[in-house]
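Below is one structure, written out as structure tokens; the observations come after it.
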Amino acid sequence: MEKKAMLPDVQDEVDVRGIELDEVGISGLRYPTEFTDGATRQAGIGSFAVVVTLPSNRRGTHMSRMVQLVQEQLAVIDPRELPVIMKQVAARMDIDRAVVRVALPVATTVVSPVSDLKALQTSDLHLSASIDTGSFELITSITAQVTSLCPCSKTISDYGAHNQRSDVKVSVSGMNSDPYPINVKDLVDLIRASGSCPVYPVVKRPDERAITMTAYDNPAFVEDMARDISLALRGRNVGHNVQIRNLESIHSHDAVASVSWAPPPTAGV
């Protein structure tokens with residue numbers, strides 16, 4: 001039997017140009033996974049990215065190992081376990097800094113306000129886990145929709161007011177021993193409570209009447225929604241970024257607002 005020749009490892013060649021690369025790796029890898037955080041459990045197809053910072057003296061990285069890491073370590077994603085997993089990623093890639101990103105739709109049960117009919121409402125989940133010289137950070141982002149009704153339109157009109165759907169993205173930060181300060185369901189509930197009225201998948205006529213009047217009774221600017229969400233998260237001492245876009249119904253533009261906040265440093269740290 002012919003002995004197989006040892007193939008050269010071209011990626012491991014020394015590079016002499018002296019330029020460190022911020023991120024090198026794979027993106028757009030669609031792979032089956034299951035998300036679970038103690039409150040939500042759902043299987044689906046995630047879109048993965050795995051990247052590392054490439055030292056100046058290393059020509060390339062081993063991208064096949066990154067696919068293997070998704071297969072072996074991320075078939076089930078529990079955000080609370082990601083600090084341990086990211087240490088294994090860094091060790092496997094023989095690197096100081098690594099980032100794993102995954103996007104996955106998640107569904108939560110919603111009950112129509114009058115008919116009490118249950119249905120599933122889908123939101124977009126994005127996780128960005130990073131490790132840098134042993135320090136871990138997780139950004140958990142949820143994008144969901146609400147209804148917003150314009151306070152100005154209501155005030156100046158004899159009757160009625162313009163309203164629209166609003167895209168609301170909330171990202172929260174977790175570090176090291178506290179990587180996941182708020183679960184996905186609670187983030188979705190926070191968003192749904194921020195507008196003039198939540199969005200519902202199943203709307204019968206009695207529901208439509210109740211939704212219309214609820215929105216009319218709770219007008220909110222895009223600025224109001226951003227501040228209300230930020231205030232709630234500050235009350236829980238959670239670092240965050242809020243981005244809102246109103247898909248305006250009577251204007252030729254959208255209305256946007258954003259705010260970021262980080263907890264003040266702990267005394268003595």
Side-chain angles (χ1 to χ4, degrees), residues 35-42 77-83 86 99-110 121-132 135-149 151 164-199 214-215 218-247 254-269:
F35 176 82
T36 179
D37 68 355
T40 301
R41 188 178 188 92
Q42 184 175 312
I77 300 173
D78 186 332
R80 300 164 296 181
E81 302 298 326
L82 285 175
M86 289 305 297
V99 182
V100 171
R101 303 183 182 105
V102 58
L104 181 74
V106 292
T108 52
T109 300
V110 171
Q121 181 77 30
T122 301
S123 305
D124 293 318
L125 169 66
H126 186 276
L127 300 171
S128 179
S130 62
I131 190 165
D132 191 347
S135 180
F136 175 83
E137 182 179 22
L138 175 64
I139 306 296
T140 303
S141 302
I142 279 286
T143 302
Q145 289 190 323
V146 297
T147 294
S148 59
L149 184 136
Q164 54 273 318
R165 281 188 294 174
S166 304
D167 291 329
V168 182
K169 180 180 180 181
V170 177
S171 303
V172 296
S173 307
M175 303 282 290
N176 296 318
S177 61
D178 187 21
Y180 193 58
I182 303 180
N183 67 46
V184 163
K185 183 181 183 305
D186 286 349
L187 283 176
V188 171
D189 289 344
L190 176 62
I191 292 173
R192 288 178 60 80
S194 69
S196 300
C197 186
V199 169
T214 297
N218 295 280
F221 287 128
V222 66
E223 299 94 330
D224 296 322
M225 293 187 288
R227 286 179 171 135
D228 285 345
I229 293 173
S230 183
L231 187 63
L233 292 171
R234 292 177 197 218
R236 299 180 65 163
N237 203 40
V238 174
H240 58 273
N241 173 265
V242 180
Q243 299 179 47
I244 304 179
R245 179 180 296 273
N246 281 0
L247 309 175
D254 294 340
V256 298
S258 65
V259 59
S260 296
W261 183 82
T266 304
V269 176

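The closest donor-acceptor contact from the side chain of Asn218 to the backbone of Thr214 lies under 3.5 Å. Proximity of a side-chain donor or acceptor of Ser194 to a complementary backbone N or O of Ile191 within less than 3.5 Å is detected. In this structure, Asp189 contributes its side chain and Asp186 its backbone to no donor-acceptor pair below 3.5 Å. A donor-acceptor pair under 3.5 Å is absent between the side-chain atoms of Gln42 and the main chain of Thr108, judged by distance alone. Using modelled atom types, one side-chain atom of Arg192 and one backbone atom of Val199 make a donor-acceptor pair closer than 3.5 Å.
Between Asp37 and Pro79, the closest heavy-atom pair is CB-CD, 4.0 Å. In terms of heavy-atom proximity, Ala220 sits nearest to Ser196 at N-OG, 3.5 Å.
If you take CG on Asn183 and CZ on Arg80, they are separated by 9.0 Å, rounding to the nearest 0.5 Å. Distance CG/Asp224 to CG/Leu231: 12.0 Å, rounded to 0.5 Å. The structure places CZ of Phe221 at 10.5 Å from CG of Asn246, a figure rounded to the nearest 0.5 Å.
Residues Val170 and Leu233 have side chains in contact (heavy-atom distance under 4.5 Å, counting atoms from C-beta outward).
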Using distance only, find each side-chain donor-acceptor pair of residues 135-147 under 3.5 Å and give its atom names and separation, not counting sequence neighbours.
{"unit_1": "Ser141", "atom_1": "OG", "unit_2": "Ser171", "atom_2": "OG", "d": "2.6"}
{"unit_1": "Gln145", "atom_1": "OE1", "unit_2": "Arg165", "atom_2": "NH1", "d": "3.1"}
{"unit_1": "Gln145", "atom_1": "NE2", "unit_2": "Asp167", "atom_2": "OD1", "d": "2.7"}

Next item on the list: Starting from the C-alpha separation in whole Å, work towards a yes-or-no answer on side-chain contact (heavy atoms from CB on, under 4.5 Å) for Val242 and His240.
Entry: CA-CA 7 Å; Val242 180; His240 58 273; 3.9 Å; yes

Note to self: Between Gln164 and Ser148, is the side-chain contact (heavy atoms from CB on, under 4.5 Å) condition met? List the steps.
What the structure shows: CA-CA 6 Å; Gln164 54 273 318; Ser148 59; 3.1 Å; yes

Check: Between Val222 and Val256, does a side-chain contact (heavy atoms from CB on, under 4.5 Å) hold up when you go through it step by step?
Finding: CA-CA 6 Å; Val222 66; Val256 298; 5.7 Å; no

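The closest side-chain donor-acceptor pair between Ser260 and Asn241 falls under 3.5 angstrom.
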